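Predicted model, so just to flag it, every value in this text is computed and none were measured. Numbering starts at 1 and runs along the sequence shown.
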Amino acid sequence: MKDLSMPGLERLMTACEKYPVRASTRKHWSGAPTAGVPVLGRPLDPMLAAFYSRLGGLHLYLDLFVEPCDEQVNGILMANEDAQRYWPEPFRSLLIFGCKEASSYTYATVPSLADARGFQPVVEIDPYEDIYALPIASNVDRFFDTYARYLELVYETLGVGEERGAWPAFPWEVPELIATDRTLMNMLVEGRFDFLMFREGVDAQRTHKEIREWIAQLRAAGT
């Protein structure tokens, strides 16, 4: 897995060094899980395994948190055990690997949508009220690349890096970044993520309308 190219992760780490991002990492653990190893019955994504072959975890202060997996703690296992207690299917079948710090928004891979290489797309799960998930990357490294572009946007293009309250919400307010992932867009058009986005519930119709409007923004940005 150390040989698997991860330019997105490299771009993200470069952004963390370039901008005043309070980032911390954990030391790689030789016992980290490898590609395909089951985590509560779900296969670990190869790119996620490649991440853990390099780092034991990643934390961007008040922002992105990638679960630690080292000699001290197996955050991947703990996060997924907790979700299995409370989440309904099909969300219990996703594989959580991170979150937005100080919130319940969670990042996870979708094992059932893995491609021929075993690479799994990434979604952001919103468990508030009626749970649903938004597709945000066609694979884990593409997720890191998109997040790096997000940091570049807030620090360079918008110049609001020091004003966290002015940051556009990820991923809702940055469709132009998500739409550059052509593989993801093709999967969206094919309806591959519908089972995670359009759920029944009290606020379902309101949420469905918001999601459909967001997808329209993605498609417009991608043309």
Which pairs pass ring pair (Phe, Tyr, Trp, His ring centres under 6.0 Å) with one or both residues in residues 62-96, sequence neighbours excluded?
His59-Phe65

Mind checking the CD1-CG spacing from Ile211 to Leu196? Nearest 0.5 Å is all I need.
10.0 Å

Partner set under side chain to side chain contact (heavy atoms under 4.5 Å, CB included) for Pro38, not counting sequence neighbours:
none

With rounding to the nearest 0.5 Å, note down the distance linking NE2 in His28 to CZ in Arg54.
10.5 Å

With side chains defined as the heavy atoms from C-beta onward, is the minimum distance between Pro43 and Val37 less than 4.5 Å?
no

Can a donor-acceptor pair be found, under 3.5 Å and without considering hydrogens, that links the side chain of His208 to the backbone of Arg199?
yes

Treating Glu81 as the side-chain partner and Leu40 as the backbone partner, does any N or O pair qualify as donor plus acceptor under 3.5 Å?
no

Tell me, which pairs form a salt bridge (charged side-chain N to carboxylate O under 4.0 Å, His left out) where one or both residues lie in residues 55-64, sequence neighbours left out?
Asp63-Lys100

Looking at side-chain heavy atoms only, is the closest gap between Phe51 and Leu58 below 4.5 Å?
yes

Could you tell me the separation between the OG atom of Ser112 and the CG atom of Leu94, rounded to the nearest 0.5 Å?
7.5 Å

Considering residues at least two apart in sequence or located in another chain, which fulfil the salt bridge (charged side-chain N to carboxylate O under 4.0 Å, His left out) criterion with Lys18?
Glu156

Smallest separation among heavy atoms of Gln120 and Ala114, with atom names
CG-CB, 3.9 Å

Checking Asn139 side chain against Pro121 main chain: does a donor-acceptor pair fall under 3.5 Å?
no

Looking only at heavy atoms, what is the nearest atom pair of Ser5 and Pro7, with distance?
OG-CD, 3.3 Å

Looking at Arg164, I want to see if its CZ is surrounded by more than 12 non-hydrogen atoms of other residues, nucleotides or ligands under 6.0 Å.
yes

Under the 3.5 angstrom rule, does the side chain of Asp82 hit a backbone N or O of Met78 as a donor-acceptor pair?
no

Which atom pairs, one a donor and one an acceptor, fall under 3.5 Å between side chains of residues 177-184 and the rest of the protein, sequence neighbours left out?
| residue | atom | partner | partner atom | Å |
| --- | --- | --- | --- | --- |
| Thr180 | OG1 | Arg142 | NH2 | 3.1 |
| Thr180 | OG1 | Leu177 | O | 2.8 |
| Asp181 | OD1 | Ser138 | OG | 3.0 |
| Asp181 | OD1 | Thr183 | N | 3.4 |
| Asp181 | OD1 | Leu184 | N | 3.2 |
| Asp181 | OD2 | Ser138 | N | 2.8 |
| Asp181 | OD2 | Ser138 | OG | 3.0 |
| Arg182 | NH1 | Ala179 | O | 3.4 |
| Arg182 | NH1 | Gly222 | O | 3.4 |

Can you tell me how far the CZ atom of Phe144 sits from the CG atom of Leu9, to the nearest 0.5 Å?
5.5 Å

Side-chain contact, heavy-atom cut-off 4.5 Å: Val21 with Tyr155?
yes

Side chains of Met185 and Leu218: does their closest heavy-atom pair fall under 4.5 Å?
yes

To the nearest 0.5 Å, what is the distance between SG on Cys69 and CG on Leu44?
8.0 Å

Return the CE to CG distance between Met6 and Asp141, rounded to the nearest 0.5 Å.
4.0 Å

Smallest heavy-atom separation, Phe195 atom then Pro90 atom, equals CD1-CG, 3.6 Å

With sequence neighbours excluded, give me every salt bridge (charged side-chain N to carboxylate O under 4.0 Å, His left out) pair touching residues 187-198.
Glu190-Arg192

Among all residues two or more places apart in sequence or in another chain, which pass the side chain to side chain contact (heavy atoms under 4.5 Å, CB included) test with Ser93?
Glu89

Strictly by ring pair (Phe, Tyr, Trp, His ring centres under 6.0 Å), give each pair with a member in residues 93-126 just once, sequence neighbours left out.
Phe97-Phe143, Tyr105-Tyr128, Tyr107-Phe143

Run Val123 and Leu134 through side-chain contact (heavy atoms from CB on, under 4.5 Å) and show every step you take.
CA-CA 5 Å; Val123 296; Leu134 289 180; over 6 Å; no

Phe170 and Ile136: CA distance, side-chain angles, deciding distance, side-chain contact (heavy atoms from CB on, under 4.5 Å) verdict:
CA-CA 9 Å; Phe170 181 91; Ile136 53 177; 4.1 Å; yes

Count I, L, V, M, F, W, Y as connected when their side-chain heavy atoms are under 4.5 Å apart, and connections chain through other members. Are Val110 and Val189 then in the same cluster?
no

Between Thr106 and Asp126, is a side-chain contact (heavy atoms from CB on, under 4.5 Å) present by the stated rule, with each step listed?
CA-CA 7 Å; Thr106 303; Asp126 181 345; over 6 Å; no

What is the minimum heavy-atom distance between Pro135 and Met197, and which atoms define it?
CD-SD, 3.6 Å

Tell me which one of Tyr150, Trp214, Trp167 satisfies ring-ring contact (aromatic ring centres under 6.0 Å, His included) with Trp172.
Trp214

Which pair of non-hydrogen atoms, one from Pro171 and one from Glu124, has the smallest distance, and what is that distance?
CD-OE1, 3.3 Å

Ignoring hydrogens, what is the shortest heavy-atom contact between Ala79 and Ile96? Give both atom names and the distance.
O-CD1, 3.7 Å

Linking directly or through intermediates, with side-chain heavy atoms under 4.5 Å: list the remaining ILVMFWY members grouped with Tyr61, chain and number order.
Leu62

Under the salt bridge (charged side-chain N to carboxylate O under 4.0 Å, His left out) rule, what pairs show up with a residue in residues 6-16, not counting sequence neighbours?
Arg11-Asp145, Arg11-Glu152

Using the test side chain to side chain contact (heavy atoms under 4.5 Å, CB included), find all partners of Asp70 that sit at least two apart in sequence or belong to another chain.
Arg26, Trp29, Gln72, Val73

Show every salt bridge (charged side-chain N to carboxylate O under 4.0 Å, His left out) that has at least one partner inside residues 36-48, sequence neighbours left out.
none

